[in-house]
Amino acid sequence: MTGFNGIHLRRHEGYDAGSTITAIADLYEMVYAEPPYDGGPLFTRQRFLQRTNRQVQSPGFSLITADADRVLVGFAFGLPFREGSWWAGTSTPQPPAELVASAKFAVIELVVHPARRGRGLGRALLAALLDRRPEHYAILLAEPTAPARQIYGRWGWQQVADVQPAPDAPRLHALMRPLKPDV
């Protein structure tokens with residue numbers, strides 16, 4: 001994939017994606033050591049590795065990495081949610097029935113190195129991840145007090161519910177964005 005400003009974007013799928021998990025865990029751990037993520041067990045390196053090693057084996061899992069001079073500076077990944085599926089845990093209010101009934105692509109992580117923020121890298125990673133997706137919608141969970149939450153709103157994401165994905169997890173905003181102009 002092409003990049004910008006000396007940054008190279010690369011798509012990883014299947015075995016290739018699985019082989020990068022340790023490298024992305026290092027950047028994840030650095031970013032998630034910052035507030036507001038720094039206090040919860042959901043955001044530990046161990047939990048990240050547990051869930052990501054499971055997710056990478058899901059059909060349709062896709063990972064985009066960004067590197068500058070062979071140093072990882074960002075990544076985004078996600079996987080399809082089939083028709084009728086939604087985030088694990090509890091949701092209030094219930095998400096729109098049309099959204100749940102549709103095929104969705106769940107953006108699981110969008111992580112940018114602190115020194116590379118504010119230059120369009122997050123938007124480029126997300127655009128590359130969602131490019132040519134066949135699903136009707138993209139969904140993601142966002143920490144309500146994180147700066148990224150406000151950015152998603154500016155990028156057209158709409159809140160549809162609050163989700164607590166695990167008993168020891170905080171309540172997160174469930175956001176959606178249509179991927180097809182006719183939905």
Side-chain angles (χ1 to χ4, degrees), residues 1-5 7-13 24 27-28 31-32 34-37 42-43 52 55 58 60-66 73-114 116-165 169-183:
M1 296 179 98
T2 59
F4 66 100
N5 297 334
I7 296 175
H8 177 75
L9 300 180
R10 181 173 171 213
R11 180 176 299 276
H12 308 263
E13 295 173 342
I24 66 172
L27 181 56
Y28 175 92
V31 168
Y32 279 82
E34 302 172 335
Y37 312 106
L42 180 68
F43 304 118
T52 304
Q55 293 162 340
S58 298
F61 179 92
S62 187
L63 165 69
I64 306 294
T65 56
V73 295
F75 66 89
F77 65 79
L79 53 110
F81 276 23
R82 69 183 186 287
E83 295 90 347
S85 62
W86 186 245
W87 300 106
T90 57
S91 294
T92 56
Q94 290 299 308
E98 177 187 337
L99 178 60
V100 174
S102 297
K104 300 159 285 299
F105 187 79
V107 177
I108 305 296
E109 294 291 347
L110 174 58
V111 174
V112 175
H113 190 286
R116 298 294 180 146
R117 293 180 187 156
R119 301 183 210 171
L121 179 56
R123 181 172 257 191
L125 282 163
L126 194 57
L129 182 65
L130 298 177
D131 186 43
R132 296 188 212 131
R133 293 296 323 166
E135 297 85 8
H136 291 283
Y137 298 96
I139 59 174
L140 60 79
L141 296 177
E143 164 60 53
T145 63
R149 172 60 184 91
Q150 302 310 314
I151 293 168
Y152 293 136
R154 289 195 303 270
W155 291 349
W157 293 80
Q158 300 170 353
Q159 183 176 352
V160 294
D162 284 336
V163 173
Q164 185 175 10
R171 295 194 71 70
L172 303 171
H173 287 176
L175 307 178
M176 65 76 74
R177 189 183 97 187
L179 293 176
K180 306 291 180 203
D182 58 337
V183 293

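Predicted model only: the values in this text are computed from it and were never measured. Count residues from 1 along the sequence.
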Which atoms form the tightest heavy-atom contact between Ala142 and Arg149, and what is the distance? CB-CD, 3.9 Å

Using 30° and 60° as the class limits, which term best fits the ring planes of Phe43 and Tyr37: parallel, tilted or perpendicular? perpendicular

Is any side-chain heavy atom of Glu109 closer than 4.5 Å to one of Ile24? no

If I take atom CZ from residue Phe105 and atom CG from residue Leu79, how far apart are they, to the nearest 0.5 angstrom? 6.5 Å

Are Ile151 and Arg123 close enough that some pair of their side-chain heavy atoms sits under 4.5 Å apart? no

Of all heavy-atom pairs between Pro93 and Ala161, which one has the smallest distance, and what is that distance? O-CB, 3.2 Å

Can you tell me how far the OG1 atom of Thr65 sits from the NE2 atom of His8, to the nearest 0.5 Å? 7.0 Å

Test item: Glu143 and Tyr32 side chains (from C-beta on) under 4.5 Å apart, heavy atoms: no

Could you check if a side-chain atom of Trp155 sits within less than 4.5 angstrom of a side-chain atom of Leu126, using non-hydrogen atoms only? yes

Please report the interatomic distance NZ(Lys104) to CZ(Arg133), rounded to the nearest 0.5 Å. 13.0 Å

Would you say Tyr137 and Val160 make side-chain contact, with heavy atoms under 4.5 Å? no

CZ of Phe61 to NE2 of His12, rounded to nearest 0.5 Å, is 10.0 Å

Taking all non-hydrogen atoms of both residues, which atom of Leu27 and which atom of Gly74 are closest, and how far apart? CD2-N, 3.5 Å

For a 4.5 angstrom cut-off between non-hydrogen side-chain atoms, does Leu175 reach Val107? no

Check the pair Leu125, Leu9 against side chain to side chain contact (heavy atoms under 4.5 Å, CB included), reporting the backbone distance first and the verdict last. CA-CA 8 Å; Leu125 282 163; Leu9 300 180; 3.9 Å; yes

Does Leu179 reach the side chain of His136, with side-chain heavy atoms less than 4.5 Å apart? no

Flag the pair Arg116 / Ile7 as yes when at least one side-chain heavy-atom distance between them is below 4.5 Å, and no otherwise. yes

Take Val163 and Trp86 through the side chain to side chain contact (heavy atoms under 4.5 Å, CB included) test and state the conclusion after the steps. CA-CA 10 Å; Val163 173; Trp86 186 245; 4.0 Å; yes

Contact summary for Val100 and Pro95, nearest pair of heavy atoms: CG2-CG, 3.5 Å

Out of curiosity, His173 NE2 to Asp162 CG, how far, rounded to the nearest 0.5 Å? 4.5 Å

Please report the closest heavy-atom contact between Pro170 and Leu42, naming both atoms and the distance. CD-CD2, 4.3 Å

Determine the minimum heavy-atom distance between Pro114 and Glu34, stating which atoms define it. CG-OE2, 3.3 Å

Hey, could you give me the OG/CD1 distance between Ser62 and Ile108, rounded to the nearest 0.5 Å? 12.0 Å

Just do the side chain to side chain contact (heavy atoms under 4.5 Å, CB included) check on Arg171 and Thr92 with the steps written out, would you? CA-CA 10 Å; Arg171 295 194 71 70; Thr92 56; 2.5 Å; yes

Is there a side chain to side chain contact (heavy atoms under 4.5 Å, CB included) between Ile139 and Leu99 once you walk through the steps? CA-CA 9 Å; Ile139 59 174; Leu99 178 60; 4.2 Å; yes

